[in-house]
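Single-structure report; data block below.
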Number of protein chains: 2
Amino acid sequence: MAVTRRTKQREAILEVLKNTDCHPTANWIYERVKEDMPHISLGTVYRDLKMLARRGEILEIDFTSNPSRYDCNTGSHYHFRCLKCDRIFDVDEKVNTEIDRQVSRNTGFNVLYHCLEFHGVCLECQKKDSLIYKDSKN
Amino acid sequence: MAVTRRTKQREAILEVLKNTDCHPTANWIYERVKEDMPHISLGTVYRDLKMLARRGEILEIDFTSNPSRYDCNTGSHYHFRCLKCDRIFDVDEKVNTEIDRQVSRNTGFNVLYHCLEFHGVCLECQKKDSLIYKDSKN
DNA sequence: CTATTTGCAAACGCTTTGCCTGATT
DNA sequence: AATCAGGCAAAGCGTTTGCAAATAG
C-alpha cells in the first residue's frame, strides 16, 4: 500500500527546485535534471512533481495560465509575475486572512482561502529595459 | 486594415456571455450557441472570444488552471471559485489598489495590478451538500 | 522477491491555425 | 469587388497515461 520510495530522479528534481528562486515549469526542471541524468523522461518529472505536491512537499502554483509552476515554499504566500520575462517571484507580504472572513460574511460563500498574484515588471527587466528574457521558460 | 464586422456568430456569443452570471468556458458557450446555430464551430467561438477580449469588450479570466473562463464584466474586480461545482462568481469587494503601491515600495518591482481569486464552497453546494455540479463545465 | 517507479510513446484536453468558401460592407 | 470572418480539420502545446522493463526495499 503506497510506500513511497526514494529514487535518484525524485531527489534530483527536488534538488533543482530547491536551488531555484523563481518558480520553474516542469519542462525547465526537466532540462536541468537532464544535464546530470540524460535518460530521465519528461513524464517522470511530471509524475514526481504531482506526487510531491500531493504529499505536500512542494506547491503547484495554480495561477495565471499555463504551464504550471512549482514552488518548494509550501507556506501560504503571494507571488509576483514579471510580464516581460515571465518569471515568478515570492512576495514577502503578510497574508490577509481577514479578507476571507469578510467575503464569507458578505456573500454567504464558505471562503477557505484566496490566491493573489501581482503583475508588473521585475527589477532586472526595469533596468535592461528590453526583451532579454522573453524566451526564457523558467 | 482590420475593420471589425458585426456577424451573427459574434453577437450570439456575446449574448450568451451576457446572460450567464458564472463565467463560462469557450466550450460551454459553444454548446449554447449551437442550439440556435447548429453549424457554428468551436474554432469560431475561440477566435471571437479572443478578439472580443483583445478589443476590451470582455475579459478572459487568466486565473487558476484550464480551461479559460470569460467574463463580460470588464471592470477590475475579484472572483470566487467554488471548489465543488467549479463555477466562478464575481465578488463585490472593493479592489485594493494601495497594496500594489505597497508591494512596489517593498520589492522595487513595478507592480501594475494584481489578480485575486477566493476559493471555497458556494451557497448552492453548501445546501445540497453533494456533487450535483461536479460534471458541469460552465 | 515484489511493489513501486521508470522510460518511452501514445493519447489527452484545450486552444490555435491554415486553407478555402461564404458573408459583409 | 475587396476584405473580413466562418467552417472544418489538422496541428499545437502542456500534461497524463498504459505498459513493459528496471530498481528500491
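Given the structure is predicted, the values throughout are model-derived calculations rather than measurements. Every chain is numbered from 1, with letters handed out A, B, ... down the list of sequences.
Looking only at distances, a side-chain donor or acceptor of Thr20(B) sits under 3.5 Å from a matching main-chain atom of Val16(B).
Residues Phe80(B) and Ile88(B) are not in side-chain contact: their nearest non-hydrogen atoms beyond the backbone lie 4.5 Å or more apart.
At the phosphate of dT6(C), OP1 or OP2 sits under 4.0 Å from a side-chain N or O atom of Thr7(A). Contact annotation: Lys8(B) reaches the phosphate of dT24(C) (side-chain N/O to OP1 or OP2, under 4.0 Å). Distances shown here put every side-chain N or O of Thr25(B) at or beyond 4.0 Å from the OP1 or OP2 atom of dC14(C). Close to dG7(C), at under 4.0 Å from its OP1 or OP2, lies a side-chain N or O of Gln9(A).
Here His114(A) and Phe118(B) bring their ring centres to under 6.0 angstrom of each other.
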Using a 3.5 Å cut-off and no angle test, enumerate the donor-acceptor pairs between side-chain atoms of residues 53-61 of chain A and protein atoms at least two apart in sequence or in another chain.
unit_1   : atom_1 : unit_2   : atom_2 : d
Arg55(A) : NH1    : Glu57(A) : OE2    : 2.8
Glu60(A) : OE1    : Lys50(A) : NZ     : 3.3
Glu60(A) : OE2    : Lys50(A) : NZ     : 3.4
Glu60(A) : OE2    : Ser68(A) : OG     : 2.9

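For Arg5(B) against dT3(D), a side-chain-to-base donor-acceptor contact under 3.5 Å is present.
Arg101(A) and Glu98(A) are joined by a salt bridge, as a carboxylate oxygen and a charged side-chain nitrogen come within less than 4.0 angstrom of each other.
Judged purely by distance below 3.5 Å, without hydrogens or angles, the side chains of Asp90(A) and Asn73(A) pair a donor atom with an acceptor atom. No side-chain N or O of Tyr70(B) forms a donor-acceptor pair with one of His23(B) less than 3.5 Å apart.
Distance Tyr30(B) OH to dC14(C) C1': 14 Å, rounded to the nearest Å. Distance, His39(A) NE2 to dT23(D) P: 11 Å, rounded to whole Å. Between Ile61(A) atom CD1 and dT15(D) atom P there is a gap of 13 Å when expressed in whole angstrom units. Taking atom CD1 of Ile29(B) as the reference point, atom P of dC14(C) lies 14 Å away to the nearest angstrom. Protein atom CE of Met37(A) is 13 Å distant from nucleotide atom C1' of dA22(D), rounded to whole Å.
Comparing Arg10(B) and Leu42(A) by the nucleotide of DNA chain D that holds the closest heavy atom to each, the one mapping nearer the 5' end is Arg10(B). Of the two residues contacting DNA chain C, namely Arg6(B) and Gly43(B), the nearest-nucleotide position lying further toward the 5' end is that of Gly43(B). Summary of the strand contacts: Ala26(B) and Ile40(A) both lie near DNA chain C, and taking for each the nucleotide with the nearest heavy atom, the more 5' one is attributed to Ile40(A).
Listed in residue order, the members of residues 44-55 of chain B having a heavy atom less than 4.0 Å from DNA chain D are Thr44(B), Arg47(B), Asp48(B).
For the helix from dC1(C)-dG25(D) to dT25(C)-dA1(D), the end axes, each set by the C1' atoms of five terminal pairs, are bent relative to each other by 30° (nearest 10°).
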Inset, instruction - Test side-chain contact (heavy atoms from CB on, under 4.5 Å) on Tyr78(B) and Glu93(B) and set out the steps. - result: CA-CA 7 Å; Tyr78(B) 299 145; Glu93(B) 184 74 24; 4.2 Å; yes

Legend entry - Candidate pair Phe89(B) and Phe109(A), rule ring-ring contact (aromatic ring centres under 6.0 Å, His included), full reasoning: CA-CA 10 Å; Phe89(B) 302 86; Phe109(A) 297 154; 5.2 Å; yes

